[in-house]
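What follows is a set of notes on a single structure, which appears directly below.
Here is how names work: the chains are called A, B, and so on, in the same order as the sequence lines, proteins then strands, and each is numbered from 1. Note that the structure is a prediction, hence the values are computed from the model and not measured.
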2 protein chains.
Amino acid sequence: MSVNNYIPKVPACIDCNIEKTLNVIGGKWAFLVLRELFGGKKRFGELQRLISAVSPRALTSTLRHLEEQGVLERHVFPTVPVTVEYSLTPKGVDLHQILKEMKLWAAKWT
Amino acid sequence: MSVNNYIPKVPACIDCNIEKTLNVIGGKWAFLVLRELFGGKKRFGELQRLISAVSPRALTSTLRHLEEQGVLERHVFPTVPVTVEYSLTPKGVDLHQILKEMKLWAAKWT
DNA sequence: CAGAATCCAAATCGATACTG
DNA sequence: CAGTATCGATTTGGATTCTG
């Protein structure tokens, strides 16, 4: 059982709840995974290739965390060898707007 | 010299730059500080009281980091004892939209 | 008041090797 | 293919104490 999920634990903010969003997208790898999945479902190996510096351990942990948060789904196909696909849920798709805003801000203020 | 800045170092994303925004708001305390400053300038001690669980060390580190990123300004008044005020720059004010979206997402999907 | 310095426990991370 | 296990190195972070 992994203890490390590569996700920051930010303090709770009683009347704003921003920490909940941050705990989903604020991790080291989460936004890179989400970004790939906005383009459609991907397999574990694909994600590993697309996100060049990620170790299998970090990727697994990130995917599990995002799954627990309900922003992506994991589908296992009983082929040999096994095939696993990850895709966004509506909750995950809904993060696209935020990520786009973050991209715009970065572009504007570089 | 502090080595620890309470800010995550996320991997670079060649064609999206989202990591630049995340390195500003993605830290453990940054969003809480920004949130207070959207309401106007604040002194060190005020921030410390408003953000209940923050230690002086963490607050200092966060403020310095945000200052380096150009999202807030530090003004020192040579009173006795010294008075220090922090306020957002236009670059910092421009983060408000993103934080609001994050709050909305959290509210929508709880 | 606004922080800087120090100490040290705990969490985290990456690399590597291994498996159903 | 899609992970899991293990390990050591590094980072982190909170508490505490001190100062111009």
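- When the P atom of dG3(D) is taken as reference, atom NE2 of His65(A) falls 17 Å away, rounded to whole Å.
- Contact annotation for Tyr86(B): backbone-only contact, meaning every heavy-atom pair under 4.0 Å involves sugar-phosphate atoms and none involves a base.
- A straight line from CZ of Arg74(B) to C1' of dG3(C) spans 8 Å, rounded to a whole angstrom.
- Linking Ile, Leu, Val, Met, Phe, Trp and Tyr residues whenever their side-chain heavy atoms come within less than 4.5 Å leaves Tyr86(B) and Phe77(B) in two separate clusters.
- With hydrogens and angles ignored, no donor-acceptor pair closer than 3.5 Å exists between the side chain of Arg57(B) and the base of dG3(C).
- Ile14(A) and Val54(B) end up in different hydrophobic clusters when Ile, Leu, Val, Met, Phe, Trp and Tyr side chains are linked at under 4.5 Å.
- In terms of hydrophobic clustering, with Ile, Leu, Val, Met, Phe, Trp and Tyr side chains grouped at heavy-atom distances under 4.5 Å, Leu99(A) and Leu104(B) are assigned to different clusters.
- The side chain of Trp29(A) lies closest to dG14(C) when the candidates are dA2(D), dG14(C), dG3(D).
- An OP1 or OP2 oxygen of dA2(D) is reached within less than 4.0 angstrom by no side-chain nitrogen or oxygen of Arg64(A).
- Gly27(B) and Val10(A) make their closest contact through O-CG1, 3.8 Å (heavy atoms, listed as atom of the first residue, atom of the second, distance).
- Nearest to the side-chain atoms of Pro81(A) among the listed nucleotides dG3(D), dC1(D), dG3(C) stands dC1(D).
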Name the atoms and distances for all side-chain donor-acceptor pairs under 3.5 Å in residues 37-50 of chain A, with sequence neighbours left out.
from, atom 1, to, atom 2, distance (Å)
Lys42(A), NZ, Glu36(A), O, 3.4
Lys42(A), NZ, Gly40(A), O, 3.2
Glu46(A), OE1, Arg43(A), N, 2.8

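- Axis deviation across the helix from dC1(C)-dG20(D) to dG20(C)-dC1(D) amounts to 60°, comparing end segments of five pairs, rounded to 10 degrees.
- Neither OP1 nor OP2 of dT12(D) sits under 4.0 Å from any side-chain N or O of Lys28(B).
- Remark: P of dG3(C) and CD of Glu85(B) are 12 Å apart, rounded to the nearest angstrom.
- For the residue pair Ile25(B) and Leu22(A), the shortest heavy atom distance occurs at O-CD2, 3.7 Å.
- In this structure, CZ of Arg43(B) is placed 13 Å from C1' of dG3(C), rounded to the nearest angstrom.
- If you take CZ on Arg35(B) and NE2 on His96(B), they are separated by 9.0 Å, rounding to the nearest 0.5 Å.
- When the P atom of dA2(C) is taken as reference, atom NZ of Lys41(B) falls 14 Å away, rounded to whole Å.
- Rounded to a whole Å, the CG atom of Leu59(B) is 16 Å from the C1' atom of dA15(D).
- Each of Arg49(B) and Pro56(A) has a nearest nucleotide on DNA chain C; the 5'-most of these lies closest to Arg49(B).
- If you measure from atom CD of Gln48(A) to atom C1' of dT16(C), you get 13 Å, rounded to the nearest angstrom.
- When rounded to the nearest whole Å, the span between CZ of Phe44(B) and P of dA4(C) equals 8 Å.
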